[in-house]
Peer 1: 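Next up is a structure, given as structure tokens.
Quantities reported herein were computed from a predicted structural model and do not represent experimental measurements.
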Amino acid sequence: QVQLLESGGGEVQAGDSLRLSCTASGRTLSGYRVGWFRQAPGKEREIVAAISWDGRGTYYGENMGGRVTLSRAGANSVSLQMNTLKPEDTAVYYCATDSKRNLSVSRTTGAGEFVYFGQGTQVTVSS
């Protein structure tokens, strides 16, 4: 079973950038989809970005538009670069991965398709 550990969250000002990292143990991330999701208080979990098993395909949710970039960083890690952060980006950000290999991502990719989630990292953006 894979364990996921997110890091890089914190408190920033509007307009700042953050780089979140997700590191896996117990299993590689290579060959598996990986996604980032976020959940704000009182709101449902929503997708921020997801990357396909081979890293060639990415999907970005509408919530952060062109302000986020997801990339693989070796066999056991992915990073999420977030720019021009806004107060509405305040949420707990979760990393997730699949149990099945060789799957792509699309605009229909959602949290229900992922099996393993990390504990999350808090991102707070003040105005």
Peer 1: Would a hydrophobic clustering, with Ile, Leu, Val, Met, Phe, Trp and Tyr connected at side-chain separations under 4.5 Å, put Ile51 with Tyr116?
Peer 2: yes

Peer 1: Between Ser52 and Ser104 (side chain of the first, backbone of the second, donor and acceptor by atom type, cut-off under 3.5 Å), is there such a pair?
Peer 2: no

Peer 1: Measure the shortest side-chain to side-chain distance between Val125 and Asp16 over non-hydrogen atoms and say whether it is less than 4.5 angstrom.
Peer 2: no

Peer 1: Do any N or O atoms from the side chain of Thr109 and from the backbone of Ser106 form a donor-acceptor pair under 3.5 angstrom?
Peer 2: yes

Peer 1: Do other residues, nucleotides or ligands put more than 12 heavy atoms under 6.0 Å from Gln119 CD?
Peer 2: no

Peer 1: Quick one, Glu6 with Trp36, criterion side chain to side chain contact (heavy atoms under 4.5 Å, CB included). Give me CA distance, side-chain angles, the key distance, then yes/no.
Peer 2: CA-CA 10 Å; Glu6 302 95 338; Trp36 280 94; 3.8 Å; yes

Peer 1: Please report the interatomic distance OG(Ser21) to CG(Leu5), rounded to the nearest 0.5 Å.
Peer 2: 9.5 Å

Peer 1: Taking the side chain as C-beta and beyond, is there a heavy-atom pair between Tyr93 and Met82 under 4.5 Å?
Peer 2: yes

Peer 1: Decide if atom CD of Glu11 counts as having more than 12 heavy atoms of other residues, nucleotides or ligands within a radius under 6.0 Å.
Peer 2: no

Peer 1: Is the cationic atom of Arg67 (NZ for Lys, CZ for Arg) positioned less than 6.0 Å from the six-membered ring centroid of Tyr60 and within 45 degrees of its normal?
Peer 2: no

Peer 1: To the closest 0.5 Å, what do you measure between OG1 (Thr97) and CD (Gln3)?
Peer 2: 12.0 Å

Peer 1: More than 12 non-hydrogen atoms from neighbouring residues, nucleotides or ligands closer than 6.0 Å to CZ on Arg56, yes or no?
Peer 2: no

Peer 1: Any salt bridge (Lys or Arg N to Asp or Glu O under 4.0 Å) pairs touching residues 19-28, not counting sequence neighbours?
Peer 2: none

Peer 1: If you measure only the distance, is there a donor-acceptor pair under 3.5 Å linking the side chains of Ser30 and Thr28?
Peer 2: no

Peer 1: Rounded to the nearest 0.5 Å, what's the gap from NZ on Lys86 to CG on Asn63? Could you check?
Peer 2: 10.5 Å

Peer 1: Are side-chain N/O atoms of Thr90 and Thr124 paired as donor and acceptor at under 3.5 Å?
Peer 2: no

Peer 1: Are Leu29 and Phe37 in one and the same hydrophobic cluster, where Ile, Leu, Val, Met, Phe, Trp and Tyr link if side-chain heavy atoms are under 4.5 Å apart?
Peer 2: no

Peer 1: Honestly curious: do Tyr32 and Val115 fall in one hydrophobic cluster under the side-chain, below-4.5 Å linking rule?
Peer 2: no

Peer 1: Are Met64 and Leu85 close enough, and set up right, to give a side chain to side chain contact (heavy atoms under 4.5 Å, CB included), and what steps lead you there?
Peer 2: CA-CA 9 Å; Met64 297 196 75; Leu85 286 164; 3.9 Å; yes

Peer 1: Do you reckon Val78 sits in the same ILVMFWY cluster as Ile47, going by side-chain contacts under 4.5 Å, direct or chained?
Peer 2: no

Peer 1: Tell me the closest heavy-atom pair linking Ala24 and Val2, and the distance in Å.
Peer 2: CB-CG2, 3.8 Å

Peer 1: Provide the full list of salt bridge (Lys or Arg N to Asp or Glu O under 4.0 Å) pairs with a residue in residues 29-41, sequence neighbours left out, each pair given once.
Peer 2: Arg33-Asp98, Arg33-Glu113, Arg38-Glu46, Arg38-Asp89

Peer 1: Go through it in stages, so that I can follow the logic: the residues are Phe117 and Tyr94, the test is side chain to side chain contact (heavy atoms under 4.5 Å, CB included), and I'd like the CA-CA distance, side-chain angles, deciding distance and then a yes or no.
Peer 2: CA-CA 7 Å; Phe117 285 80; Tyr94 299 90; 4.2 Å; yes

Peer 1: Does a side-chain heavy-atom distance below 4.5 Å link Thr69 with Leu80?
Peer 2: no

Peer 1: How long is the gap from CH2 on Trp53 to CG on Leu103, to the nearest 0.5 Å?
Peer 2: 10.0 Å

Peer 1: Strictly distance-based, threshold 3.5 Å: is any side-chain N or O of Ser126 a donor or acceptor partner for the main-chain N or O of Val12?
Peer 2: yes

Peer 1: Is the terminal nitrogen or CZ of Arg107 (NZ for Lys, CZ for Arg) located under 6.0 angstrom from the six-membered ring centre of Tyr59 and within 45° of that ring's axis?
Peer 2: no

Peer 1: Is a side-chain donor or acceptor of Ser77 paired with a backbone partner of Cys22 at a separation under 3.5 angstrom?
Peer 2: yes

Peer 1: Using modelled atom types only, decide if a donor and an acceptor are shared between the side chain of Gln81 and the backbone of Ser79 within a distance under 3.5 Å.
Peer 2: no

Peer 1: Can you measure from SG (Cys95) to CG (Leu20) and round to the nearest 0.5 angstrom?
Peer 2: 9.5 Å

Peer 1: Identify the two heavy atoms, one from Ser17 and one from Asn83, that lie closest to each other, and give their separation to 0.1 Å.
Peer 2: OG-OD1, 3.0 Å

Peer 1: I would like to know whether Val48 and Val68 meet side chain to side chain contact (heavy atoms under 4.5 Å, CB included); could you show each step before the answer?
Peer 2: CA-CA 8 Å; Val48 176; Val68 63; 4.2 Å; yes

